[in-house]
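Reviewing the structure listed below.
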Amino acid sequence: MATVRAFIAIEIPEEIKKEISSIQDELKKSLGKTPGISWARPETTHLTLKFLGDVPEEKIGDIEEALRLSTRGIKAFTVSVTGIGGFPNLENPRVLWAGIQESAELENLHVAMENSLYAVGFEKDEKPFRPHLTLARIKSPVEGKKLSKAIKELRTDINADFIADSVILFKSELSSRGAVHTPIKKISLK
């Protein structure tokens, strides 16, 4: 049975991707060679709403219908990208991220989507929804500490707004140069 590695996300505008790239460049320059840090490619940055994993191809239609149902009546809304942080924290980050300010619209969209996808056989996420844009993954605690120090010294930050006017179902194919994300279906918000 053929499967598709899939996730649902909101696309990020080019100007914010450029800002993320300049933050990454500033940090890379400050840190020098960092084999323990894997930098996210800015061109593939997106706001993940739900990672679906490997999905049987015949379920794609169900996912599209669930997305249509969950976005019905939801209007385009503003998303605020603000602050730099880390999971589990910025002192010992394993993931470096740009934060997404909480909003009722984003939370309502996420809950509606979780419920619609649950109705077609997908488990609800056990962890709370923590919207963010991944900037880097840190493999080494030593590199994490260096990165944390560099962020504080450089006073690295981001503050930008954009309009979320659609939700996209993506196919993700892993390659030696990183993941390649291809839109399968785009659902516009009214």
Side-chain angles (χ1 to χ4, degrees), residues 1-13 16-17 20 40-42 44-90 93-137 158 160-174 178-190:
M1 178 190 328
T3 61
V4 174
R5 187 171 189 261
F7 66 93
I8 299 162
I10 294 172
E11 189 64 69
I12 304 300
I16 294 178
K17 289 179 182 181
I20 286 169
R41 295 190 346 260
T44 65
T45 300
H46 55 268
L47 171 51
T48 302
L49 297 171
K50 185 166 183 76
F51 180 71
L52 300 170
D54 292 322
V55 175
E57 279 183 348
E58 60 269 14
K59 291 279 286 183
I60 297 296
D62 291 343
I63 296 167
E64 287 178 24
E65 189 54 36
L67 286 179
R68 269 189 231 300
L69 282 172
S70 61
T71 57
R72 190 174 289 151
I74 294 182
K75 294 176 171 52
F77 58 93
T78 300
V79 175
S80 296
V81 182
T82 180
I84 302 291
F87 292 134
N89 57 53
L90 198 49
R94 285 195 301 273
V95 174
L96 181 69
W97 48 255
I100 301 293
Q101 193 169 354
E102 289 182 27
S103 74
E105 296 92 348
L106 185 57
E107 183 61 30
N108 291 342
L109 173 61
H110 183 260
V111 168
M113 199 187 62
E114 282 278 352
N115 290 335
S116 294
L117 288 166
Y118 183 75
V120 295
F122 289 89
E123 292 298 316
K124 291 186 180 184
D125 288 332
E126 290 178 19
K127 293 180 180 173
F129 181 50
R130 299 272 312 273
H132 64 279
L133 308 177
T134 300
L135 304 183
R137 288 182 173 74
I158 186 170
D161 293 343
F162 70 95
I163 301 296
D165 59 3
S166 64
V167 174
I168 303 172
L169 172 62
F170 282 97
K171 172 171 72 170
S172 178
E173 295 170 289
L174 302 177
V180 176
H181 303 142
T182 309
I184 296 173
K185 189 67 180 175
K186 182 176 186 174
I187 310 285
S188 293
L189 301 178
K190 302 292 174 225

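Computed from heavy atoms alone, side chains included, the values below leave out hydrogens, waters and symmetry copies. Residue indices begin at 1 and follow the sequence shown.
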- Is Glu11 reaching over with its side chain to a backbone N or O of Ile168, donor-acceptor style, under 3.5 angstrom?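 Not confirmed, Glu11 side chain does not pair with Ile168 backbone.
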
- Please confirm whether the backbone N or O of Val120 pairs with a side-chain atom of Lys59, one donor and one acceptor, at under 3.5 Å?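 The answer is yes, because a donor-acceptor pair under 3.5 Å joins these two groups.
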
Nearest 0.5 Å, what's the [atom1]-[atom2] distance between [X] and [Y]?
| X | Y | atom1 | atom2 | value |
| --- | --- | --- | --- | --- |
| His110 | Ile8 | NE2 | CD1 | 9.0 Å |
| Phe77 | Asp161 | CZ | CG | 12.5 Å |
| Leu169 | Ile184 | CG | CD1 | 4.0 Å |
| Arg68 | Ile63 | CZ | CD1 | 12.5 Å |
| Ser188 | Lys190 | OG | NZ | 6.5 Å |
| Ser116 | Asp62 | OG | CG | 12.0 Å |

To check you understand the geometry: which heavy-atom pair defines the closest contact between [X] and [Y], and what is its length?
| X | Y | value |
| --- | --- | --- |
| Glu64 | Ile187 | O-CD1, 4.4 Å |
| Ala179 | Leu174 | CB-CD2, 3.9 Å |
| Val79 | Ala164 | CG2-CB, 3.7 Å |
| Gly85 | Leu96 | O-CD1, 3.3 Å |
| Ala76 | Leu189 | N-CB, 3.8 Å |
| Phe162 | Pro13 | CB-CG, 3.4 Å |

- Item | Audit row: Leu49, Phe129, side chain to side chain contact (heavy atoms under 4.5 Å, CB included) steps and yes/no | CA-CA 8 Å; Leu49 297 171; Phe129 181 50; 3.9 Å; yes

- Query: Is the Trp97 ring parallel, tilted or perpendicular to the Phe87 ring (thresholds 30°, 60°)?
  - Reply: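 Aromatic pair Trp97/Phe87 classed tilted.
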
- Item | Intermediate values then yes/no, side chain to side chain contact (heavy atoms under 4.5 Å, CB included), Phe122 and Met113 | CA-CA 11 Å; Phe122 289 89; Met113 199 187 62; over 6 Å; no

Can you check whether [X] reaches [Y] side chain to side chain, under 4.5 Å on heavy atoms?
| X | Y | result |
| --- | --- | --- |
| Arg5 | Asp54 | yes |
| Glu102 | Glu107 | no |
| Asn115 | Lys124 | yes |
| Leu52 | Leu117 | yes |
| Thr134 | Thr45 | no |
| Glu105 | Ile74 | no |
| Ile10 | Leu106 | yes |
| His181 | Arg41 | no |

- Query: Counting heavy atoms not belonging to Tyr118, are there more than 12 under 6.0 Å from its OH?
  - Reply: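 Atom OH in Tyr118 is not packed in, count stays at 12 or less.
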
- For Glu123, does the CD atom sit with more than 12 other heavy atoms under 6.0 Å from it, leaving out its own atoms?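 No, because the 6.0 Å sphere around CD of Glu123 holds 12 heavy atoms or fewer from other groups.
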
- Task: Take Ile100 and Val81 through the side chain to side chain contact (heavy atoms under 4.5 Å, CB included) test and state the conclusion after the steps.
- Result: CA-CA 5 Å; Ile100 301 293; Val81 182; 3.9 Å; yes

- Message: Whether the Thr44 and His46 side chains hold a donor-acceptor pair (N or O, under 3.5 Å, no angle test) is what I'd like checked.
- Response: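 No.
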
- Could you tell me whether Glu57 and Lys171 make a salt bridge, using a distance below 4.0 angstrom between a side-chain N and a carboxylate O?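 A salt bridge is absent here (no side-chain N lies under 4.0 Å from a carboxylate O).
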
